[in-house]
Protein chains: 2
Amino acid sequence: MTERAEVSETAPTRPPTIRDVAREAGVSKSLVSLVFNGGENVSEERRRRVLHAAERLGYRPNLVAQSLSAGRRDFVAILVSNLHNPLFAEIVGAAKARLAEAGQRTMIVSAQVDDGGGSSVLDRDNIAVLRDLRPSGLITVGTIPGFAELADLTATIPTVVASAIDATDDVVATVRSDDHAGLDLVVAHLAEQGVERLVFVGGDGGTVSASREAAFRASVAARGFGEQAWVERADFTEAGARRAVGRLLASDRLPQAIIAVNDLTAIGVITALEAAGVSVPEGCRVAGYDDTTLSAIPRISLTSVDPDNRRIGRVAAEAMLDASADRTGVAGRIGEVLIPPSLVVRGSSLAR
Amino acid sequence: MTERAEVSETAPTRPPTIRDVAREAGVSKSLVSLVFNGGENVSEERRRRVLHAAERLGYRPNLVAQSLSAGRRDFVAILVSNLHNPLFAEIVGAAKARLAEAGQRTMIVSAQVDDGGGSSVLDRDNIAVLRDLRPSGLITVGTIPGFAELADLTATIPTVVASAIDATDDVVATVRSDDHAGLDLVVAHLAEQGVERLVFVGGDGGTVSASREAAFRASVAARGFGEQAWVERADFTEAGARRAVGRLLASDRLPQAIIAVNDLTAIGVITALEAAGVSVPEGCRVAGYDDTTLSAIPRISLTSVDPDNRRIGRVAAEAMLDASADRTGVAGRIGEVLIPPSLVVRGSSLAR
DNA sequence: TTGAAAGCGCTAACAC
DNA sequence: GTGTTAGCGCTTTCAA
């Protein structure tokens, strides 16, 4: 209750506003605004005065006020699907770096959180704030559960989807790994190793998984595997992988190699195989997808497809930049950009 | 340039404002505001009218405007140090869930990004927006490089630090793993296994690392290891771990067990040992800290200290809640809250 | 070139 | 109980 009548010391007063700067510089608010927005028609002298005043006061424009006033602000929002997957961190980093090069501000927010239990749900709070902040563009990274709920955003600003297939009609571009190329790389590698019976574990749990399954089928068909290649359904979890392997073991139809939908699933496959006494790669070869840091650990040494995440991030950023530059109204729909992956061969697929 | 003179179809008009709702409901702006902020003194009938109008129009309060107008908004910001570490995702999830239980909104933003290369830097854009959004509280998760730069935030709103020791004077509470208890758990376990020569790998690269080193020293001193226990400096990276092990091997002073500052370092230790022909655990036992998902992978099977991250997150949230409730001005400085860890024993520390 | 004034969507006194 | 009136910090016509 005790009002401090006098500012006793260097009291933490509230940050200086544009008005403070105007007063200090002896000009009007609008001139200050002009200076800070790169206005051309400002005399050198006044510009100097304003800049000095701002410096002295430690003034920084309030982004929230800007956003409210201008109706939109010049920054692109990067929405990461979840914090668990280090894969996405790479993409985000690369995208942000590329945008920064072009002088674009960014804001990174997460789209999902654990719901206290284990599973993830859309973080509506975050999305709401983001919407109200009126970013000038949106890049989503990874599959986002309630993508449709972003409709008011995607409909009004250029949107680029990275490393997912969430795209609705108004998405400017989707940048993702070329799953067909990736799976063909693995299949070819295994075929070269003399593998003739081949299984894909995955396919459930999302569009990416489905896409990789289709890619697998196409590749083995093209290479004439026929009945000797099939799919054992599983989601992205380790448990799913274990069940799939369990089915293979039970039916006595163990293939010579298993390709998993991603690295985590691959680990599950290896674990299940070894628990059943089948050693990897001797008893059965295994390969994954994503080339996460996991696979490089010597004890794991997992052959995996490297999607080139940094490039995905960079290209997504560039698509964003293009779309923003293209102020013709009809932002050019770039469509899908498939980034060519490469294969990283490690112990899990090589016969000793 | 062609201005669409007439709204052709269900054109994506701009979102309804409080004014639209007021008009639709036939009341004033302020009444609408009152209704949406749980005002008591509103007649049932008007409240209904307002709510219905809002519903019809699809009105949602603009958080940015709220924030600007009210001077602060009722949400706590959760600042995650980096997206790479899944560990932090657990803490964030738990904190958010606890806050949600208490009816607190949250906003999760990342504090760092890759700078295009590999290393992380403070994401100033994100911090700036956050500051301007005027959150009612701040929870930081993990060590944040330029923590000092958050001064204007930490000075004005209650701040809780989770899983780090960044604390400046104005931090309300620091919630982290009890490193002393954790390391003593490992040391005790190894001693029980008959280990007499013991090394700690870590100590460089941050306050947490230093704290764990001190904890190790205290534990081995208390247990009378004397000259038989020492520290081999290394940072958090795998490479650092390899160098440390290299020194041990070169000096021919290989201990019977190595405790690493965290799981990643432990993996580096295992890799280096096995590359040199020393098998784990037979030739040398190894243990880590953090109990990340890595350690549970059977091929790794790393004994590790589980810091109970979900509890860290929950307690941090509760400290925040307490601090916010405590509107006496002098927010009670809770100080440090140490969460008791537990030991998860796996193959890497057990003689076969 | 510069300034005055209106307003972005909302909250918060203060009246009625 | 409910409406009126000022702003929050900034951008943006529109005049001067």
Side-chain angles (χ1 to χ4, degrees), chain A residues 13-50 53-54 57-75 128-129 131-136 152 156, chain B residues 13-51 53-54 57-75 105 128-129 131-136 152 156:
Chain A
T13 53
R14 57 148 192 46
T17 78
I18 198 174
R19 234 183 300 270
D20 298 325
V21 177
R23 191 177 318 116
E24 177 86 6
V27 299
S28 74
K29 278 180 7 177
S30 1
L31 235 209
V32 177
S33 176
L34 268 180
V35 169
F36 272 86
N37 294 300
E40 302 289 285
N41 306 333
V42 182
S43 68
E44 248 336 286
E45 198 231 324
R46 303 248 178 175
R47 155 172 273 114
R48 265 198 163 46
R49 287 234 302 270
V50 169
L57 268 40
Y59 168 78
R60 306 242 291 107
N62 182 321
L63 279 63
V64 163
Q66 282 189 159
S67 161
L68 180 59
S69 174
R72 48 71 260 199
R73 201 44 217 161
D74 201 29
F75 76 98
V129 177
R131 172 167 49 65
D132 294 344
L133 241 23
R134 298 168 184 268
S136 53
D152 34 346
T156 42
Chain B
T13 53
R14 57 144 191 49
T17 77
I18 197 173
R19 234 182 301 269
D20 299 325
V21 178
R23 191 178 318 117
E24 177 86 7
V27 299
S28 75
K29 280 180 5 178
S30 8
L31 237 209
V32 179
S33 174
L34 269 180
V35 169
F36 272 87
N37 294 299
E40 301 291 285
N41 306 333
V42 182
S43 69
E44 249 336 286
E45 197 232 324
R46 303 250 175 173
R47 151 173 277 114
R48 264 197 164 46
R49 287 235 303 271
V50 169
L51 257 19
L57 268 40
Y59 168 78
R60 308 243 290 107
N62 183 319
L63 279 62
V64 163
Q66 283 188 159
S67 160
L68 180 60
S69 173
R72 56 57 269 198
R73 200 45 218 159
D74 202 29
F75 75 98
R105 268 177 197 293
V129 177
R131 173 168 48 63
D132 293 343
L133 240 24
R134 297 170 185 268
S136 54
D152 34 347
T156 42

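Letters go in sequence order (proteins before strands), and every chain restarts at 1. Keep in mind that the numbers below use all heavy atoms, side chains included, and drop hydrogens, waters and symmetry copies. If you're wondering where the values come from, they're calculated on a predicted model, not measured in any experiment.
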Grab the CD1-C1' distance between B/Ile18 and C/dA12 for me, whole Å please.
-> 12 Å

Salt-bridge test for B/Arg131 and B/Asp152: reply yes if a basic N is under 4.0 Å from a carboxylate O, no otherwise.
-> yes

Between C/dC10 (C1') and B/Arg134 (CZ): distance, integer Å | 14 Å

Rounded to whole Å, the CG-C1' distance (A/Leu57 to D/dG9) equals 15 Å

Would one find a side-chain N or O of A/Gln66 under 4.0 angstrom from OP1 or OP2 of D/dT11?
-> yes

Would you say C/dT2 has OP1 or OP2 under 4.0 Å from some side-chain N or O of A/Asn41?
-> no

Using five base pairs at each end, measure the axis-to-axis angle across the helix from C/dT1-D/dA16 to C/dC16-D/dG1 and round it to 10 degrees.
-> 40°

Taken to the nearest 0.5 Å, the spacing of A/Asp74 CG from A/Arg134 CZ works out to 14.5 Å

Atom pair CZ (B/Arg46) and CG (B/Leu51), whose distance is rounded to the nearest 0.5 Å | 14.5 Å

Donor-acceptor pairs are to be reported for all side-chain atoms of residues 57-64 of chain B against protein atoms at under 3.5 Å, with residues two or more places apart or in another chain.
residue : atom : partner : partner atom : Å
B/Asn62 : OD1  : B/Val64 : N            : 2.8
B/Asn62 : OD1  : B/Ala65 : N            : 3.1

Has A/Asn62 got a side-chain N or O lying under 4.0 Å from the OP1 or OP2 atom of D/dC8?
-> no

Here the distance between atom P of C/dG9 and atom CG of B/Asn37, to the nearest Å, is 17 Å

When the distance from CG of A/Leu68 to P of D/dC8 is rounded to whole Å, what number comes out?
-> 13 Å

Listing time: all N or O pairs from protein to nucleotides 14-16 of chain D that are below 3.5 Å?
none

Verdict with supporting geometry, B/Val129 and A/Phe75, side chain to side chain contact (heavy atoms under 4.5 Å, CB included) = CA-CA 11 Å; B/Val129 177; A/Phe75 76 98; 5.9 Å; no

List the atom pairs, with distances to 0.1 Å, where a side-chain N or O of residues 29-36 of chain A and a protein N or O form a donor-acceptor pair under 3.5 Å, not counting sequence neighbours.
residue : atom : partner : partner atom : Å
A/Ser30 : OG   : A/Ser28 : OG           : 3.4
A/Ser33 : OG   : A/Asn37 : ND2          : 3.3

Tabulate protein N/O versus nucleotide N/O from nucleotides 3-7 of chain C, keeping only pairs under 3.5 Å, one per line.
residue : atom : partner : partner atom : Å
C/dG3   : OP1  : A/Arg46 : NH1          : 3.4
C/dG3   : OP2  : A/Ser28 : N            : 3.1
C/dG3   : OP2  : A/Ser28 : OG           : 3.2
C/dA4   : N6   : A/Ser30 : OG           : 3.1
C/dG7   : N2   : A/Ser69 : OG           : 3.1

Would you say B/Ser33 reaches C/dT11's phosphate, i.e. side-chain N/O to OP1/OP2 under 4.0 Å?
-> yes

What integer distance in Å separates A/Asp74:CG from D/dT12:P?
-> 11 Å

Value in whole Å for how far the P atom of D/dC10 lies from CZ of A/Arg60 = 11 Å

Check step by step if side chain to side chain contact (heavy atoms under 4.5 Å, CB included) holds for B/Glu45 and B/Arg48.
-> CA-CA 5 Å; B/Glu45 197 232 324; B/Arg48 264 197 164 46; 5.7 Å; no

Touch check for A/Tyr59, heavy atoms < 4.0 angstrom, all strands: base, sugar-phosphate only, or nothing?
-> sugar-phosphate

Student check: side-chain heavy atoms of A/Val42 and A/Val50 closer than 4.5 Å = no

Tell me which donor-acceptor pairs under 3.5 Å the side chains of residues 20-27 of chain B have, and how far apart each pair is, sequence neighbours excluded?
residue : atom : partner : partner atom : Å
B/Asp20 : OD2  : B/Thr17 : N            : 2.8
B/Glu24 : OE2  : B/Arg56 : NE           : 2.8
B/Glu24 : OE2  : B/Arg56 : NH2          : 3.3

What does B/Thr17 touch in the nucleic acid at a heavy-atom separation under 4.0 angstrom: a base, only the sugar-phosphate, or nothing?
-> sugar-phosphate

Nearest-Å distance, CZ (B/Arg48) to C1' (D/dT2)?
-> 19 Å

